[in-house]
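Residue numbering restarts at 1 for every chain, and letters A, B, ... go by the order of the sequence lines.
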Number of protein chains: 2
Amino acid sequence: MDAYATSGWTALADPTRRAIFERLVERPYAVGDLAVGLPVTRPAVSQHLKVLKGAGLVVDRKAGKRRIYRVDPAGLAQLRAELDGFWTKTLAAYKAAVEQPEKGDQ
Amino acid sequence: MDAYATSGWTALADPTRRAIFERLVERPYAVGDLAVGLPVTRPAVSQHLKVLKGAGLVVDRKAGKRRIYRVDPAGLAQLRAELDGFWTKTLAAYKAAVEQPEKGDQ
DNA sequence: CTAACGCGTTAGTGGACGCTTACGCGACAA
DNA sequence: TTGTCGCGTAAGCGTCCACTAACGCGTTAG
């Protein structure tokens with residue numbers, strides 16, 4: 001169920017792409033509507049959506065001439081799980097450092 | 001308390017930098033120890049740590065000749081909060097779409 | 001059928017970025 | 001002090017990537 005073309009982290013790295021994603025988080029959007037208000041052209045938005053789709057963060061649906069994009073909860077949940085793992089391990093490392101301060105480093 | 005040089009998303013975008021961070025999540029490391037096992041040289045690791053530090057994800061501490069890096073829980077928590085916001089809004093958008101399917105798009 | 005709309009894709013370009021090599025500085029040992 | 005270790009930084013280079021302009025395809029309206 002995994003094996004995405006690119007990582008979610010890499011997909012959300014670009015500021016423009018993050019701005020697009022933050023919009024899609026609110027509600028579904030068509031490509032042209034997304035381009036309005038963004039400092040880039042519509043083709044650029046289309047390319048960014050392709051990356052987000054490749055990372056499993058968004059899905060698209062045809063609606064007549066237009067193409068509606070929305071956030072894919074599954075991809076977002078996977079990122080959340082990965083980050084939660086970082087958080088848990090960080091806290092565990094802190095606890096271990098408190099118990100054995102002299103062995104905190106190496 | 002914010003105003004980092006670069007975003008946490010951008011900092012964790014690079015695979016090498018993510019590998020470094022995943023190591024630091026386990027326990028604190030010195031720069032040279034991090035470089036061991038990574039396919040890059042020590043200066044490269046040092047530059048990556050600079051970026052991670054600029055994003056508020058890690059902090060450093062001098063220990064004799066060596067410099068110990070560890071994860072900064074505050075920066076990680078901020079990323080987590082941002083992602084949780086995405087998640088909450090996504091679920092809200094889904095709920096709204098179910099209640100008014102015909103107005104899901106625009 | 002013809003025209004207009006919305007979108008994806010391509011080619012091309014400028015700038016950002018990750019990496020290495022070389023160098024300089026502070027810290028500890030002899 | 002002299003030598004060594006660990007680290008940060010500067011310079012240079014190759015590569016990736018975000019962006020635009022131009023084009024082609026499917027869809028709807030007239």
Side-chain angles (χ1 to χ4, degrees), chain A residues 4-24 27-70 72 102 104-106, chain B residues 4-24 27-70 72 102 104-106:
Chain A
Y4 293 119
T6 180
S7 167
W9 299 106
T10 304
L12 290 180
D14 183 73
T16 303
R17 213 146 50 210
R18 218 159 45 236
I20 293 176
F21 187 77
E22 290 180 8
R23 279 229 209 168
L24 288 177
R27 63 177 178 85
Y29 269 96
V31 181
D33 295 337
L34 278 173
V36 176
L38 287 179
V40 295
T41 59
R42 183 195 52 78
V45 174
S46 197
Q47 294 169 356
H48 282 307
L49 287 171
K50 186 178 183 179
V51 175
L52 289 173
K53 184 180 177 182
L57 290 176
V58 301
V59 291
D60 58 333
R61 166 174 60 94
K62 287 187 60 179
K65 310 189 219 176
R66 309 189 310 175
R67 186 171 284 265
I68 309 300
Y69 282 85
R70 61 175 178 84
D72 184 6
E102 73 283 356
D105 325 330
Q106 188 180 34
Chain B
Y4 293 120
T6 179
S7 167
W9 299 106
T10 304
L12 290 181
D14 183 72
T16 302
R17 213 147 48 211
R18 216 157 49 235
I20 293 175
F21 187 77
E22 290 179 7
R23 278 229 209 169
L24 288 177
R27 63 177 178 85
Y29 269 96
V31 182
D33 296 337
L34 277 174
V36 176
L38 286 179
V40 295
T41 59
R42 183 196 52 78
V45 174
S46 196
Q47 293 169 357
H48 282 307
L49 287 171
K50 186 178 183 179
V51 175
L52 289 173
K53 183 180 177 182
L57 289 176
V58 301
V59 292
D60 57 334
R61 165 174 59 94
K62 288 186 61 179
K65 311 188 215 176
R66 309 188 311 174
R67 186 171 284 265
I68 310 299
Y69 282 84
R70 62 174 178 84
D72 184 5
E102 73 282 353
D105 324 329
Q106 190 182 37

A19(A) to L38(A) - nearest heavy-atom pair and separation: CB-CD2, 4.2 Å
What verdict does the side chain to side chain contact (heavy atoms under 4.5 Å, CB included) test give for V45(A) and T41(A), after you've listed the backbone C-alpha separation in whole Å, the side-chain angles of each residue and the deciding distance to 0.1 Å? CA-CA 7 Å; V45(A) 174; T41(A) 59; over 6 Å; no
Sub-4.5 Å side-chain heavy-atom contact between V31(A) and I68(A): no
For R67(B), enumerate each residue passing the salt bridge (Lys or Arg N to Asp or Glu O under 4.0 Å) test, keeping only those at least two apart in sequence or located in another chain. D60(B)
Where do L34(A) and I20(A) land on the side chain to side chain contact (heavy atoms under 4.5 Å, CB included) test, with the steps shown first? CA-CA 7 Å; L34(A) 278 173; I20(A) 293 176; 3.9 Å; yes
Boundaries of the chain A footprint along DNA chain D (any atom under 4.0 Å from a heavy atom): dA18(D) to dT28(D)
Please tell me if the side chains of T16(B) and H48(B) come closer than 4.5 Å, counting only heavy atoms from C-beta onward. yes
For the helix from dC1(C)-dG30(D) to dA30(C)-dT1(D), figure out the bend between the end axes, five pairs an end, and round to 10 degrees. 20°
If you apply the rule side chain to side chain contact (heavy atoms under 4.5 Å, CB included), what do you find for L57(B) with V51(B), and how did you get there? CA-CA 9 Å; L57(B) 289 176; V51(B) 175; over 6 Å; no
Output one line per pair: protein atom, nucleotide atom from nucleotides 26-30 of chain C, and distance, for all N/O pairs under 3.5 Å.
none

If you round to the nearest 0.5 Å, how far is OH of Y69(A) from NZ of K50(A)? 9.5 Å
Ignoring hydrogens and geometry, is there a side-chain-to-backbone donor-acceptor pair from T10(A) to A13(B) under 3.5 Å? yes
Treating R17(A) as the side-chain partner and A11(A) as the backbone partner, does any N or O pair qualify as donor plus acceptor under 3.5 Å? yes
Applying side chain to side chain contact (heavy atoms under 4.5 Å, CB included), run through L12(A) and L12(B) and close with a yes or a no. CA-CA 10 Å; L12(A) 290 180; L12(B) 290 181; over 6 Å; no
Report the residues that fulfil side-chain hydrogen bond (donor to acceptor under 3.5 Å, both in side chains) with R23(B), sequence neighbours left out, ordered by chain and then residue number. none
Between the protein and nucleotides 15-18 of chain C, are there any N/O to N/O pairs under 3.5 Å, and if so, what are the atom names and distances?
from	atom 1	to	atom 2	distance (Å)
dG18(C)	OP1	R17(B)	NH2	3.3
dG18(C)	OP2	R17(B)	NH1	3.2

